[in-house]
A.B. asks: 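Have a look at this one.
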Amino acid sequence: MRYITIILLFFSVYASAQTRTFIGVRGGGGISSAYFEYTLANALINTEYIPSYHGGLFVRFFSRINRSSYVNGGLQSGITMTKKGWKQVFPTDEPSYVTQLTYLEFPLEAMIYGGRGNTKPYFTLGMNFGHLIKVDKDPDPDLENIGQAEFYPYEESRDRTFSYGLRAAFGLQREFSFGAIHLEGYATYSMRDMLEYGSFDSGIPDLSNN
């Protein structure tokens, strides 16, 4: 949830008469947190941001260039390894509890870009699919010292490993003789709950989004 990052992209370029395809690498950092709630009640789980990192490969396709129009479209996809998660803080002197989840992610986005020169602003919107490959967690807190807070950690044997959600980005592309550099800021929100809550009797929040 509220995952924001700035990334720097370097790519090689293949160009034809009417289309362009950019293939390259991306990497960067940002912040990540999570949202826990019940549909019919408030969850006593207070979360904060933690640093988040990602890197991977991408493909960006610019559709037929209409030279009479300032705005054109395209598609973007790729594969990215992303480490994100959250920190739960307690109303007592108990140390905070950090969970880090590493996903292999596959974004698929529609793109609109503008400009006729070498510098072009762009916007993307689409879906982000992920598969969990690693979990890093702090030692469990002392449950006798967390006050009125609730504690439901991510459990690999119980909870979900496949995720999907929304991804939106704004960026700026600058083309050079060797290819292009893109500076991009984006946000993602997981629409699939991370925790497998089973029934309401389990007490596990039925809303848990990264």
A.B. asks: Donor-acceptor pair, distance only, cut-off 3.5 Å: does the side chain of T99 make one with the backbone of K137?
C.D. replies: no

A.B. asks: Output yes when E105 and R26 qualify as a salt bridge under the 4.0 Å nitrogen-oxygen rule, no when they do not.
C.D. replies: no

A.B. asks: Any side-chain to backbone donor/acceptor pair from S52 onto K83? Under 3.5 Å, distance only.
C.D. replies: yes

A.B. asks: Using ring-ring contact (aromatic ring centres under 6.0 Å, His included) as the criterion, list what pairs up with Y197, not counting sequence neighbours.
C.D. replies: none

A.B. asks: Checking the side chain of T47 only, and the main-chain atoms of Q88 only, is there a donor and an acceptor separated by less than 3.5 Å?
C.D. replies: no

A.B. asks: Under 3.5 Å, side chain of D142 to main-chain N/O of E144, donor-acceptor pair present?
C.D. replies: yes

A.B. asks: Would you confirm whether T92, through its side chain, and G147, through its main-chain N or O, come within 3.5 Å as a donor-acceptor pair?
C.D. replies: no

A.B. asks: Side chains of E150 and Y38: donor-acceptor distance under 3.5 Å anywhere?
C.D. replies: yes

A.B. asks: Give the ring-plane orientation class for H54 versus Y186, where under 30° counts as parallel, over 60° as perpendicular and anything between as tilted.
C.D. replies: perpendicular

A.B. asks: So which heavy atom on Q100 is nearest to which on V98, and how close?
C.D. replies: CG-CG1, 4.1 Å

A.B. asks: Show, in sequence, the C-alpha distance, side-chain angles and deciding distance for E94 and F151, and conclude whether the side chain to side chain contact (heavy atoms under 4.5 Å, CB included) test is met.
C.D. replies: CA-CA 12 Å; E94 187 68 19; F151 179 66; over 6 Å; no

A.B. asks: Which heavy atom of T102 sits nearest to which heavy atom of L132, and what is that distance?
C.D. replies: O-CD1, 3.4 Å

A.B. asks: Can any side-chain N or O of T80 pair as donor or acceptor with the backbone N or O of T82 at less than 3.5 Å?
C.D. replies: no

A.B. asks: How many angstroms lie between atom OG of S208 and atom OH of Y35, to the nearest 0.5 angstrom?
C.D. replies: 10.5 Å

A.B. asks: Has N128 got a side-chain atom pairing as donor or acceptor with L166's backbone, closer than 3.5 angstrom?
C.D. replies: no

A.B. asks: Are R192 and F162 in a cation-pi setup, meaning NZ or CZ lies under 6.0 angstrom from the ring centre and within 45 degrees of the ring axis?
C.D. replies: no

A.B. asks: Is NZ or CZ of R174 both nearer than 6.0 Å to the six-membered ring centre of F176 and within 45° of the ring axis?
C.D. replies: yes

A.B. asks: Is atom CD1 of I112 surrounded by more than 12 heavy atoms (other residues, nucleotides or ligands) closer than 6.0 Å?
C.D. replies: no

A.B. asks: Output yes when E196 and R158 qualify as a salt bridge under the 4.0 Å nitrogen-oxygen rule, no when they do not.
C.D. replies: no

A.B. asks: Report yes or no: is the cationic atom of K84 (NZ for Lys, CZ for Arg) under 6.0 Å from the centre of the six-membered ring of Y103, at an angle within 45° of the ring normal?
C.D. replies: yes

A.B. asks: Counting only N and O atoms by type, is there a donor-acceptor contact under 3.5 Å from the side chain of D206 to the main-chain atoms of T39?
C.D. replies: yes

